[in-house]
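Remarks on the structure that follows.
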Amino acid sequence: MSRILKYRELLLVAIIIVLIAAFSYRAPGYASPKSLANIFNDTSILIILALGQMAVIMTKSIDLSVAANLSFTGMAVAMLNAAYPGIPLPLLILTALAIGAILGAINGFMVWKIGIPAIVATLGTLTIYRGTAFVLSGGAWVNQTQMTPVFLNTPRMPVLGLPLLGWTAILVIAIVSVVFTRTIFGRSLYASGGNPTAALYAGVDVGRTKFFAFVLSGALAGLCGYLWVSRYAVAYVDIAAGFELDTVAACVIGGISTLGGIGSVGGAVLGALFLGVIKNALPVINISPFWQMAISGLVIIIAVLFNARQERRKGRLILRDAAKRRPSRIEAPVEGAAA
Amino acid sequence: MSIMTADKQSVRHIPDRLSTPIGRLLGSWETLLAAVAIAIFIANSLASPHFLDPWNLSDATYNFTEKAMIAFAMTLLIISGEIDLSVAAIIALASTAMGAAAQAGFQTPALVGIGLGVGLLCGAFNGLLVARIGLPSIVVTIGTMSLFRGIAQIVLGDQAYGGYPPSFAWFGQGYMSDFSWWPTLPGFEVVTFEMIAFVLFAVVFGILLHRTTFGRWIYAIGNNAFAAQFSGIPVQRTKFILFLMTGLMSGFAAVCLTSRLGSTRHTIAAGWELEAITMAVLGGVSILGGSGTILGVVLAAVVMGLVTFGLGLLNVPGIVMSIFIGLLLILVIALPIVFRRIRSRASA
């Protein structure tokens with residue numbers, strides 16, 4: 001299984017390199033270190049959100065409320081900063097993480113304790129969170145002039161050629177990789193998505209794992225709320241509208257199986273970077289930004305098709321002997337009919 | 001989630017005797033919905049003196065007729081265990097196609113044909129990916145949602161299409177009294193074309209789901225697709241047809257909505273997929289598939305229409321209404337689960 005994942009990541013790296021080469025042929029300077037750092041910086045927020053989304057998708061769930069969470073948290077933090085300029089930035093960032101985590105916990109609670117399917121629960125909270133952002137702000141914008149310079153400029157401060165926003169993404173990637181590969185929670189994520197029944201017998205609390213996956217996704221969305229508002233220097237209700245689809249797209253492109261249990265941090269990051277490279281290249285090669293939505297839709301479909309073929313060919317079983325002993329695979333009748 | 005619920009319901013509760021028909025009627029979800037609809041109706045008429053005006057009520061039906069048309073088809077799809085998140089995007093694409101055709105000088109019959117055709121094509125594309133290739137419908141339709149609306153966005157950009165032929169306006173703005181053959185009974189001159197279409201589709205989908213073999217297949221597939229397959233039901237073909245129907249109904253809703261608004265932007269019908277799903281779920285359709293009725297969805301459509309119309313009369317902004325819709329969606333799913341759990345705990 002790890003061989004397939006490595007293959008997927010190598011393939012994505014190759015595609016991204018080919019894309020960058022092709023774009024820089026049309027527009028010299030696209031592949032310069034400064035421009036590449038710029039692309040990474042632009043994609044930072046998508047990368048962070050995709051990592052949270054990945055944790056949720058790993059457990060066979062989906063979080064459609066991330067962008068609404070981002071909007072609400074961003075609005076809350078911006079209003080807090082505008083009303084009380086004295087609050088130090090680290091405290092505001094902690095507040096953003098906490099608000100995001102609480103909103104994520106609401107999703108997680110509904111999925112864990114009440115048993116609402118994740119897609120319905122988060123479809124509901126998607127409208128609720130964004131609506132609450134409207135109620136909170138009364139529909140008003142928080143403008144650049146109302147926010148403090150420290151609040152706005154810190155993520156843009158360049159360190160070694162990359163703004164702090166980009167470094168934040170790198171930090172989050174590092175932390176999430178450690179969580180996924182080196183902690184009990186990380187193993188539980190893979191186990192409860194790969195085979196929930198087996199995970200239960202192995203002593204993994206599947207529901208609780210889902211809950212914490214939603215909390216992680218929410219907290220990262222909250223962090224992105226602050227990052228988004230400071231990056232674009234404005235907070236209003238409709239920020240990041242539809243961005244939840246991009247996070248799902250990044251995961252699907254990165255080879256994270258929507259059936260749960262399969263995926264890697266590298267895949268999600270590369271999936272996000274793939275979208276980021278395309279998004280940044282469109283204006284460079286004179287294509288209207290209105291194309292972006294259709295392109296990401298098409299890429300999602302192609303990626304799902306690709307994932308399904310791979311999962312079917314190699315199977316999703318970790319124990320080969322068990323697979324051999326089993327007389328027939330349970331998917332067999334459906335596949336037979338589809339062919 | 002599936003493990004936990006399976007764990008708790010492993011011991012079947014078998015009642016000593018079945019409930020009487022009257023008891024079943026009183027305890028049914030549909031009766032509850034009807035009671036809620038009547039309560040909201042009374043509350044609305046008390047809250048605003050303008051509510052009971054017949055023309056006002058006729059206007060109020062626009063709040064749910066178009067969405068309900070999609071919800072009927074969506075109900076069948078959800079009962080079969082699939083979902084279609086791309087319905088609103090299909091409306092956007094169909095509406096854009098009709099707008100482009102109207103600019104090119106096509107007349108009303110051609111426009112309607114184009115709207116329905118685009119809906120059918122989009123539904124076929126979804127059906128192909130889900131039923132033929134076997135991909136999960138949630139992810140596929142998230143993708144096509146982005147693709148269909150994305151194409152509308154490419155075509156339209158920040159522009160809008162207008163200039164539909166005058167006869168086209170009839171679908172979304174016409175009253176049945178425009179027809180000479182329609183009986184001019186007192187009070188019936190306010191009935192709109194969309195209202196008639198809503199009732200007709202409710203009957204057609206009701207018969208299809210509850211009175212035909214095809215309808216039984218849908219329930220069978222939703223309850224156990226493997227068992228359905230082994231009992232000779234063409235599972236994949238049935239699902240494909242259901243996606244086709246959902247596409248076609250979205251196309252029809254696009255005709256009505258475009259005709260009513262008289263213009264097309266790429267943001268047209270934004271968020272309607274959520275409302276159509278909420279309607280189905282509020283109508284008692286299990287989101288996990290296998291159960292639900294058309295009557296329930298009809299009542300849910302009326303309830304949602306009355307709520308949004310009542311809130312509108314009270315000057316509540318649209319985005320705040322969406323909070324209510326979201327809460328409604330979650331509560332409607334959560335409350336039965338919570339009540340069932342409390343009841344099973346009390347009886348244990």
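- With values rounded to the nearest 0.5 angstrom, A/Lys210 atom NZ is found 13.5 Å from A/Lys113 atom NZ.
- Interatomic distance, B/Leu327 CG to A/Thr127 OG1, rounded to the nearest 0.5 Å: 7.5 Å.
- Contacts between A/Ile295 and chain B at a heavy-atom distance below 4.5 Å are absent for every atom of the residue.
- Highest contact tally toward chain A, considering only B/Leu328, B/Thr144, B/Leu85, is held by B/Thr144 [criterion: heavy-atom pairs under 4.5 Å].
- Atom CG of B/Leu242 and atom CD of B/Glu82 lie 9.0 Å apart (nearest 0.5 Å).
- With a 4.5 Å cut-off on non-hydrogen atoms, B/Val139 touches chain A through its backbone and its side chain both.
- Contacts of A/Val299 with chain B are absent, with no heavy-atom separation under 4.5 Å from either backbone or side chain.
- For A/Ser61, no part sits under 4.5 Å from any heavy atom of chain B, backbone or side chain.
- Neither the backbone nor the side chain of A/Ser192 comes within less than 4.5 Å of any heavy atom of chain B.
- Here the straight-line distance linking atom CD1 of B/Ile337 with atom CD1 of B/Ile342 works out to 12.0 Å at 0.5 Å rounding.
- By the 6.0 Å and 45° rule, A/Arg187 stacks over the aromatic ring of A/Tyr190.
- Heavy atoms closer than 4.5 Å to chain A are found in the side chain of B/Phe125, but not in its backbone.
- Below 30°, between 30° and 60°, or above 60°: for A/Trp141 and A/Tyr236 the angle between ring planes is below 30°, a parallel geometry.
- At a heavy-atom separation below 4.5 angstrom, chain A is approached by B/Ser146, B/Leu147, B/Arg149, B/Gly150, B/Ile151, B/Gln153, B/Ile154 within residues 146-155 of chain B.
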Practice task
Would you check, one step at a time, whether the test side chain to side chain contact (heavy atoms under 4.5 Å, CB included) holds for A/Val111 with A/Thr59?
Solution key: CA-CA 11 Å; A/Val111 173; A/Thr59 65; over 6 Å; no
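- Listed in order of number, the residues of residues 272-285 of chain B that approach chain A to under 4.5 Å between heavy atoms are B/Leu274, B/Ile277.
- For the side-chain contact (heavy atoms from CB on, under 4.5 Å) criterion with B/Phe243, the lone passing option out of B/Val140, B/Leu129, B/Leu128, B/Asn126 is B/Asn126.
- For B/Pro234, no part sits under 4.5 Å from any heavy atom of chain A, backbone or side chain.
- The distance from atom CD1 of A/Ile239 to atom OG of A/Ser71, rounded to the nearest 0.5 Å, is 5.0 Å.
- Heavy-atom neighbours of B/Phe324 CZ from other residues, nucleotides or ligands within 6.0 Å: at or below the threshold of 12.
- Formation of a donor-acceptor pair under 3.5 Å by the A/Asn69 side chain with backbone atoms of A/Ser65 is not found in this model.
- In this structure the side chain of A/Ile262 never reaches within 4.5 angstrom of the side chain of A/Ile256, judged on heavy atoms.
- A/Ile128 touches chain B through backbone and side chain together, each having a heavy atom under 4.5 Å away.
- For the set A/Trp291, A/Phe290, A/Phe134, A/Tyr129, the count of heavy-atom pairs under 4.5 angstrom toward chain B peaks at A/Phe290.
- In this view, B/Thr264 and B/Ser95, B/Thr96, B/Leu156, B/Tyr161, B/Tyr164, B/Thr258 satisfy the side chain to side chain contact (heavy atoms under 4.5 Å, CB included) rule, not counting sequence neighbours.
- A/Val120 touches chain B through backbone and side chain together, each having a heavy atom under 4.5 Å away.
- Using a 4.5 Å cut-off between heavy atoms, B/Ile287 contacts chain A through its side chain alone, with no backbone atom that close.
- Contacts between A/Val135 and chain B at a heavy-atom distance below 4.5 Å involve the side chain alone, from C-beta outward.
- With sequence neighbours left out, A/Ser217 forms a side-chain hydrogen bond (donor to acceptor under 3.5 Å, both in side chains) with A/Asp63.
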Exercise for the section: Show your reasoning for whether side chain to side chain contact (heavy atoms under 4.5 Å, CB included) applies to A/Ile62 and A/Gln53. Expected result: CA-CA 7 Å; A/Ile62 194 163; A/Gln53 184 71 264; 4.0 Å; yes
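- Proximity of B/His266 to B/Asp158: side-chain heavy atoms (C-beta onward) are nowhere separated by under 4.5 Å.
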